[in-house]
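Computed from a predicted model, the values in this text were never measured in an experiment. All chains are named by letter (A, B, ...) in the order of the sequence lines, taking the proteins before the strands, and each is independently numbered beginning at 1.
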There are 2 protein chains.
Amino acid sequence: MTDRTDAPRSRRERPAKPALTRTGIVSAAIAILRAEGLQKVTMRRLAQELDTGPASLYVYVRNTAELHAAVLDELLGTVGPAPTEGDWRERLERVLTAYTAMLFEHPTLARSALTARPSGPNYLNLIETLLALLAEGEVPPAQAALGVDLLLLHATATAAEHGADSAPDEDWDALRRTVEGISERTHPHIAALADVLLSTEDPQGRLSWGFRTLIAGIERNAVAD
Amino acid sequence: MTDRTDAPRSRRERPAKPALTRTGIVSAAIAILRAEGLQKVTMRRLAQELDTGPASLYVYVRNTAELHAAVLDELLGTVGPAPTEGDWRERLERVLTAYTAMLFEHPTLARSALTARPSGPNYLNLIETLLALLAEGEVPPAQAALGVDLLLLHATATAAEHGADSAPDEDWDALRRTVEGISERTHPHIAALADVLLSTEDPQGRLSWGFRTLIAGIERNAVAD
DNA sequence: ACCTGAACACCGTTCAAGT
DNA sequence: ACCTGAACACCGTTCAAGT
C-alpha cells in the first residue's frame, strides 16, 4: 500500500477547462474520429475528453445520430471546390470521387450518413454543385434532381460497404470459397464470371465505372410524369 | 423473509429445452427480428430466448455480424423465383423490386448487409438470376458482373437509407427547412428544384426510376480494359 | 466437445438535483 | 439556463471451469 492519494491528478493536464459549445463538441468528436475511428466517438468517451459527464452533452446535441451527422457535415468542408477544367461529365465524376475519397477514410461515418442524412451547409453546397454540373450537361431538371440522389447514394453506399469494421476479409474469403466451389450446372453464369465477380483489383476503376454508368443512365432515362 | 426458494421456476414454461444448433439459433433470431426488429437481435436477448447464456452461442456463431448475415440469407429464401413473363428488363426490375421490398421490411438488416455481405446459398441464387437476365439482354459478361454489383448495392442502400430506426422524420424535417429557406442567389439550382428534391411521394416510382436508370447505364457503358 | 457463470469493459439516455 | 452525479437498462466478447 504505497500512496493512497489518487486525487485529481489530471487537473494539471487540462488547465482551463473550456466552456462547452456545440462547435467545441463537434471538433472534439472529429479529433477522436481521426485518432480512433467513429466507433470511439461515443457520448461517454466524448464527455471524458471534454472533462465532463455524458449528460452535459445533451444540452447541445439531441443524440448520437445527430452528433454523427454534424461531424459528417463538418468533414464535408474538406472536400474542396468544384474543378473548373474538363468536360462536365469529367468534372462531375471528379467531385463525386473527392466526396467518396473522404468517406473512404471514415467508412463507419458513411454508414451512419446513410440513415441520418446531413443537412448542413456543406452538404447543401455539394448538392448545388452537382445540380449545376448536370444542368450544364442539359439534363432536364427533374431527372437531375433524382440523379443527384442516385449519385450521392451510390457514393455513400460504396464507402459504407468498403468499411468492414471488424474482420474485413473474413466473410469475403467465405464468399470467395463459395463462388469458387460453385457448380457449373446450377450456377453457370456465376461460374463463368467468377474472376470478375471476385476481382478486387482496380477499385478506382470500378468506382469510376460506376459513376460513368450512373451518369449515362441519368442522361438517358427520362422521368415519367 | 418469506419464501427463499427462488428455484428454476421457468422450467415449467419451456419444458424440453431443445439442444442448441446453428439453425435453431438462426430461426430464433428471425423470430425476434419479426417481433421486435433487428436491434433486439442481440446475443444476450437471443440467449435468453434460448434459455441459455450468451457465451453458449459463440460455439455456433462467430460474432453478431455473422449472425446478422445468416439471418439475411435465410430471409432471402423468401424472395421467390424469377418471373417468367415480360421483357428481360421488366423481369430484372421485378426481381430487384422483390429483393428491395424484403429489405424494406427490415431496414436495419439492409444496413448490416452493406458491411457484411452474405454468402449463403440464397444470395448466390439471386446473383445467378440477375446474371442470367443480363445475359439474356446480351449485356457483355464483364459489364454484367459489375452491373449486378451496382444493382444490388443500389437496392440494399435504398432500403438501408429508408430505415431510420429512431426519429424518421426529424432530420428530414430539418433538411426540408434548410432547403426551403435557401437563398436563390447562392443556391439557384436547389431553390429551383426544391419540390423534386424534397418530394417524398411515389417512392415506388422513384425506386423504379432508379433501377431503370441503372439498367440503361449498364447496357450502354462498356468496361474499359 | 459442448456448455456455462461470471466477469471485463463498455454503451445511450434520463432525471432529479444542484449552481 | 446550464450543468451534473447517479442511476437505469442494456450491450459484445472472453475465459476459466464444469459436464
For dT4(C), does OP1 or OP2 lie under 4.0 Å from any side-chain N or O of T52(B)?
yes

Could you name each residue pair satisfying salt bridge (charged side-chain N to carboxylate O under 4.0 Å, His left out) that touches residues 38-47 of chain A, not counting sequence neighbours?
E36(A)-R45(A), R45(A)-E49(A)

With a cut-off of 3.5 Å and sequence neighbours excluded, list every side-chain donor-acceptor pair involving residues 184-195 of chain A.
unit_1: H187(A); atom_1: NE2; unit_2: N125(B); atom_2: OD1; d: 2.7
unit_1: H189(A); atom_1: ND1; unit_2: E128(B); atom_2: OE2; d: 3.0

Figure out the CG/C1' separation between L67(A) and dC11(C), and round it to whole Å.
14 Å

Just jot down the salt bridge (Lys or Arg N to Asp or Glu O under 4.0 Å) partners of E74(B), sequence neighbours excluded, or say none.
none

Indicate yes or no for a side-chain donor-acceptor contact from T100(B) to the backbone of L96(B) under 3.5 Å, with no hydrogens or angles considered.
yes

Using Watson-Crick and G-U wobble pairs with both distances under 3.5 Å, what is the 5'-to-3' dot-bracket string of DNA chain C, with [ ] for crossing pairs and | for pairs outside the strand?
||.|||||...|||||.||

Tell me: CG of L57(A) to C1' of dC2(D), nearest whole Å?
13 Å

Of P54(B) and P54(A), the one whose nearest nucleotide on DNA chain D sits closer to the 5' end is P54(A)

Within less than 4.0 Å of OP1 or OP2 of dC11(C), is there a side-chain N or O belonging to T42(A)?
yes

Who passes ring pair (Phe, Tyr, Trp, His ring centres under 6.0 Å) against F104(B), sequence neighbours left out?
H162(B)

Using atom CE of M43(B) as one end and atom C1' of dT14(D) as the other, report the distance to the nearest whole Å.
12 Å

For R22(B), the salt bridge (Lys or Arg N to Asp or Glu O under 4.0 Å) test, sequence neighbours excluded, returns E66(B)

If you assign Y60(A) and R44(A) each to the DNA chain D nucleotide with the nearest heavy atom, which residue ends up on the more 5' nucleotide?
Y60(A)

Say you pick atom P in dC10(D) and the same atom in dA9(C); how far apart are they, in whole Å?
23 Å

Send over the distance from Y58(A) OH to dC3(D) C1', rounded to a whole Å.
15 Å

Whole-Å distance separating the CD atom of E66(B) from the C1' atom of dG12(D):
15 Å

Yes or no on side-chain contact (heavy atoms from CB on, under 4.5 Å) for N122(B) and L75(B), after CA distance, side-chain angles and deciding distance?
CA-CA 9 Å; N122(B) 290 321; L75(B) 251 42; over 6 Å; no

Atom-pair distance (CG on D51(B); P on dC3(C)), nearest Å:
13 Å

To the nearest Å, how far apart are R45(B) CZ and dC11(D) P?
8 Å

T64(A) side-chain N/O to dC11(C) phosphate OP1/OP2 under 4.0 Å
no

Quick one: H68(B) NE2 to dC11(D) P, roughly how many Å, whole number?
12 Å

